[in-house]
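Presented below is the structure to which this report refers.
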Amino acid sequence: MAFPDRIERTLELKHAPERVWQALTTAEGLGTWFGQQAEVDLRVGGQAKLTWDSGDVATLTIERVEPPHVFGYTWMIYGLPADDPRRTYVEFTLEPSGSGTTLTMVETGFAQLPDGEYKKAYSANNEGWTNELGELVAYLDGNH
C-alpha cells in the first residue's frame, strides 16, 4: 500500500467515559456535535442517521456497541456515489484516565480506493475529523 489506510486521533477529555459515551451514541449527543439532528438505533446492525440543515444526510451502520468503551460503525465514503457499496469503518475507544477519558478515534478502509478517489476521501475525512472532534470537545465542555 502506497498511502495511509487510517486516520487516527487521540484526545484527553476531562469527562468520565459514561459522559463521552452519551455524546457518541445518543441522538441528543450526535445531533448536536456531529450533525444538526440525529436518530439512533443503538444496537449492532442498527443505524444512526445524521442530518444537517444543508440537506446533507449520513447513515451510519452500527458494527460494535460495548458500553461505555467501544462504539464502531461503517459509513459511506466521501466523494463516491450514494449506491457505492464500499464503506470505511470508524471506531471510538474510551479508556478511563484519571477523572477523565482517553478517546481514540480510528477510521480505516481508504486503501480500497483508487488513487484519485482515495486522495479526495482521505483528505476530506482527515480534515473533517479535526473539525468534528473539536466540536465534540466543545459539546462536552458545554460550549455548543
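Values below: every heavy atom of this structure, side chains too, minus hydrogens, waters and symmetry copies.
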Taking only distance into account, with no hydrogens and no angle test, what donor-acceptor pairs under 3.5 Å do side-chain atoms of residues 55-63 form with protein atoms, sequence neighbours excluded?
| unit_1 | atom_1 | unit_2 | atom_2 | d |
| --- | --- | --- | --- | --- |
| D56 | OD2 | S54 | OG | 3.0 |
| E63 | OE2 | T74 | OG1 | 3.2 |

E28 and T32 have their tightest heavy-atom pair at O-OG1, 2.7 Å

- Query: Looking only at atom types and distance, does a side-chain atom of Q112 sit under 3.5 Å from a main-chain N or O of G109, one as donor and one as acceptor?
  - Reply: yes

Is it the case that one hydrophobic cluster holds both I7 and L133, taking links as side-chain heavy atoms less than 4.5 Å apart, direct or via other members? yes

Residues at least two apart in sequence or cross-chain that pass side chain to side chain donor-acceptor pair (under 3.5 Å) with T26, listed by chain then number, are Q22

Contacts of F92 meeting ring-ring contact (aromatic ring centres under 6.0 Å, His included) (sequence neighbours excluded), chain-then-number -> W129

Residue pairs passing the salt bridge (charged side-chain N to carboxylate O under 4.0 Å, His left out) test with at least one member in residues 87-98, sequence neighbours excluded, are R64-E91

Output for pair (L30 CG, E132 CD), nearest 0.5 Å, gives 10.0 Å

When rounded to the nearest 0.5 Å, the distance separating CG of D5 from OG1 of T108 is 6.0 Å

Applying side-chain contact (heavy atoms from CB on, under 4.5 Å) to V137 and not counting sequence neighbours gives L11, L13, D141

Residues pairing under salt bridge (charged side-chain N to carboxylate O under 4.0 Å, His left out) where one sits in residues 96-115, two or more places apart or in two chains, turn out to be D115-K119

Sorted by chain and number, sequence neighbours left out, side-chain contact (heavy atoms from CB on, under 4.5 Å) with A121 holds for I77, F110, L113

Sorted by chain and residue number, the side chain to side chain donor-acceptor pair (under 3.5 Å) partners of T130 (sequence neighbours excluded) come out as R9

- Under a 4.5 Å side-chain heavy-atom rule over Ile, Leu, Val, Met, Phe, Trp and Tyr, are V70 and V106 clustered together? no

Value for CH2 (W21) from CG (L42), rounded to nearest 0.5 Å, stands at 6.0 Å

Are there over 12 heavy-atom neighbours, none belonging to E8, within less than 6.0 Å of that residue's CD? yes

If the plane angle is over 60° it's perpendicular, under 30° parallel, otherwise tilted; pick one for W75 and F34. tilted

What one should report as the nearest heavy-atom pair of T101 and P17 is OG1-N, 2.9 Å

task: Say whether, by atom type as modelled, one donor and one acceptor occur between the side chain of H15 and the main chain of L140 under 3.5 angstrom.
output: yes

Hey, what's the ring geometry for Y122 with Y118, parallel, tilted or perpendicular (30° and 60° as the breaks)? parallel

Note: A38 and L50 closest approach over all heavy atoms is CB-CD2, 3.6 Å

Sequence neighbours excluded, the answer for salt bridge (Lys or Arg N to Asp or Glu O under 4.0 Å) partners of R86 is D84, E117

Between H69 and P96 the two heavy atoms that sit nearest each other are CE1-CD, 4.5 Å

Practice problem: Report whether V40 and M76 are members of the same hydrophobic cluster (ILVMFWY, side-chain heavy atoms less than 4.5 Å apart, transitive linking). | Solution: no

Separation between CD (Q36) and OG1 (T51), nearest 0.5 Å, reads 7.5 Å

Exercise. Taking the side chain from T102 and the backbone from S97, do they hold a donor-acceptor pair closer than 3.5 Å?
Worked result: no

Closest non-hydrogen atoms of L94 and P68, given as atom of the first, atom of the second and distance, are CB-O, 3.4 Å

Between A23 and Y139, the two heavy atoms sitting closest are CB-CE2, 3.5 Å

To the nearest 0.5 Å, atom CG of L24 lies from atom CZ of R19 at 10.0 Å

Exercise. Is it the case that more than 12 heavy atoms not belonging to Y78 sit under 6.0 Å from its OH atom?
Worked result: no

